[in-house]
Amino acid sequence: MTTLLLDRPELYEAWFPDPDARAAGFVADVAARFGAPGHRLLDAGCGTGRDAAALAARGWGASAVDLAPAMVEHVRRHHPAVDAAEADLRTLDLGRTVDVVTCLDSTLLALHDTADLLAALRRIAAHLVPGGLLVAEMRNGAFLLTADAHVELLAGETERVRRFDGVEYTARTLLHVDHAAQLLRRRRTWTWPGGGHTEHTAWRLLFPRELTDLLDRAGFDVLALFDTPGPRTDEPWHADAELGTALTRDRLHVVARRREETR
Ligand SMILES: C[S@@+](CC[C@H](N)C(=O)[O-])C[C@H]1O[C@@H](n2cnc3c(N)ncnc32)[C@H](O)[C@@H]1O
């Protein structure tokens with residue numbers, strides 16, 4: 001499944017700016033706080049590669065994989081310090097291990113079936129040294145599956161306009177929760193002068209306990225599960241932030257450590 005933003009990495013970054021490299025700062029702080037065994041990183045589902053590149057600039061040995069060819073091509077062209085490869089997380093096999101794997105902004109939730117999620121988590125575990133950390137960030141099923149349809153995120157179609165490279169892009173987006181399938185579904189209609197199309201995308205919604213169980217089955221111990229703060233929450237992350245463990249908010253952050261033996 002591809003979308004305009006996955007095909008157009010520069011537009012993706014303009015659409016979702018992160019000028020202060022909040023996501024990379026979050027990863028670096030979390031890795032230090034939870035005792036990552038070293039500074040070799042794999043960003044799984046790296047998108048444009050900007051997080052891996054920001055960590056490389058901080059001295060990390062950074063590698064990155066993504067399913068979208070345009071994204072991998074972008075990483076190679078713009079971030080030569082990042083070792084980038086095209087790969088599907090379900091079958092990932094780089095033949096080496098790292099100290100930290102990141103999987104940010106709901107990348108895991110692009111996998112809708114439990115078997116696919118488990119396969120991806122097992123492949124991630126196989127790429128971590130024992131004691132290595134997985135740092136993942138995603139939408140929180142506990143929030144969305146119980147949310148009132150009127151919460152801002154689900155309240156109706158939103159419109160956003162952004163000028164990029166001299167062209168005005170308009171996106172009209174409607175999100176809704178498909179409770180039976182445990183999916184957050186999105187219909188987005190793009191228009192720009194002389195063009196446009198409609199995309200249908202979805203993300204699996206996981207309850208925290210489901211995520212913990214999947215991680216356990218893949219060979220991880222969960223060290224922390226929190227909804228705030230994080231790189232995409234209103235409360236800014238800081239190195240000694242208190243972690244919100246009620247898990248009632250929109251985002252879920254998980255830190256999990258690979259056990260000695262993976263199953
Ligand atoms: C929402 S973007 C997040 C990108 C980046 N992690 C960030 O935080 O900006 C999700 C990314 O996951 C990638 N992706 C989705 N399914 C994947 C899979 N099965 N294997 C590898 N990458 C995948 C997409 O191509 C996309 O670049």
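Start at 1 and go down the list; that is how both ligands and their atoms are numbered.
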- Which ligand 1 atoms does Leu111 reach within 4.0 Å, using its non-hydrogen atoms? 19 (N)

- Kindly confirm or rule out an N or O of Met71 lying under 3.5 angstrom from an N or O of ligand 1. no

- Message: Can you report which non-hydrogen protein atom sits closest to atom 11 (C) of ligand 1, along with the distance?
- Response: Thr107 OG1, 3.6 Å

- Query: Which protein heavy atom lies closest to atom 8 (O) of ligand 1, and at what distance to 0.1 Å?
  - Reply: Asp105 CB, 3.3 Å

- Query: Under 3.5 Å, is there a donor-acceptor pair between the side chain of Ser106 and the main chain of Leu109?
  - Reply: no

- Query: Considering only protein heavy atoms, which is closest to atom 19 (N) of ligand 1, and at what distance to one decimal place?
  - Reply: Asp88 OD1, 3.1 Å

- Message: When you compare ligand 1 with Leu89, is there at least one nitrogen or oxygen pair between them that comes in under 3.5 angstrom?
- Response: yes

- Item | Arg172 bridged to Glu157 by N-O distance under 4.0 Å | yes

- For Leu104, the ligand 1 atoms whose distance to one of its heavy atoms is below 4.0 Å: 3 (C), 6 (N), 8 (O)

- What is the nearest protein non-hydrogen atom to atom 15 (C) of ligand 1, stated with its residue, atom name and distance? Ala110 CB, 3.7 Å

- Query: Short question: side chain of Arg8, backbone of Leu11 - any donor-acceptor pair under 3.5 Å?
  - Reply: no

- Message: Less than 3.5 Å apart, any donor N or O on the side chain of His238 or Asp240 sitting next to an acceptor on the other?
- Response: yes

- Mind checking whether Asp51 contacts ligand 1 via backbone (N, CA, C, O), side chain (CB onward), both or neither, at a 4.0 Å heavy-atom cut-off? side chain

- Query: Hey, is ligand 1 close enough to Arg90 that some N/O pair sits below 3.5 Å?
  - Reply: no

- Message: Please tell me whether His253 and Phe26 form a close aromatic pair, meaning their ring centres lie under 6.0 Å apart.
- Response: yes

- Note on the structure: Note: heavy atom closest to atom 24 (C) of ligand 1, options Asp66, Asp18, Leu67, belongs to Asp66

- Message: Given 3.5 Å as the limit, does a donor-acceptor pair link the side chain of Gln182 with the main chain of Leu205, or not?
- Response: yes

- Query: How are the rings of Tyr169 and Trp190 set relative to one another: parallel (under 30°), tilted (30 to 60°) or perpendicular (over 60°)?
  - Reply: perpendicular

- Note on the structure: ligand 1 atoms nearer than 4.0 angstrom to some heavy atom of Ala68 are 25 (O)

- Contact partition for Arg232 relative to ligand 1, non-hydrogen atoms under 4.0 Å: side chain

- Thr48, portion touching ligand 1 at heavy-atom distance under 4.0 Å: neither

- Message: With a 3.5 Å distance limit and no angle check, can you tell me whether Glu13 reaches the backbone of Glu10 through a side-chain donor-acceptor pair?
- Response: no

- Proximity to ligand 1 by part of Cys46, non-hydrogen separation under 4.0 Å: backbone

- Distance-only polar pair, side chains of Glu235 and Thr228, donor-acceptor under 3.5 Å: no

- Item | Path from Phe143 to Trp203 over hydrophobic side-chain contacts below 4.5 Å | yes

- Query: Applying a 4.0 Å heavy-atom criterion (strictly less than), which segment of Ala87 is in contact with ligand 1: side chain, backbone, both, or neither?
  - Reply: backbone

- Mind checking whether Leu6 has an N or O less than 3.5 Å away from an N or O of ligand 1? no

- Give the cluster check for Val98 versus Leu134: same hydrophobic cluster or not, with ILVMFWY residues linked at side-chain heavy-atom distances below 4.5 Å. yes

- Task: Mind checking side chain to side chain contact (heavy atoms under 4.5 Å, CB included) for Asp83 and listing every partner two or more places apart, or none if nothing turns up?
- Result: Ser63, Arg96

- Task: Look at atom 5 (C) of ligand 1 and say which protein heavy atom is nearest, naming residue and atom and giving the distance to 0.1 Å.
- Result: Gly45 O, 3.4 Å

- Of the backbone atoms (N, CA, C, O) and the side-chain heavy atoms from C-beta on, which set of Tyr12 has a member under 4.0 Å from an atom of ligand 1: side chain, backbone, both, or neither? side chain

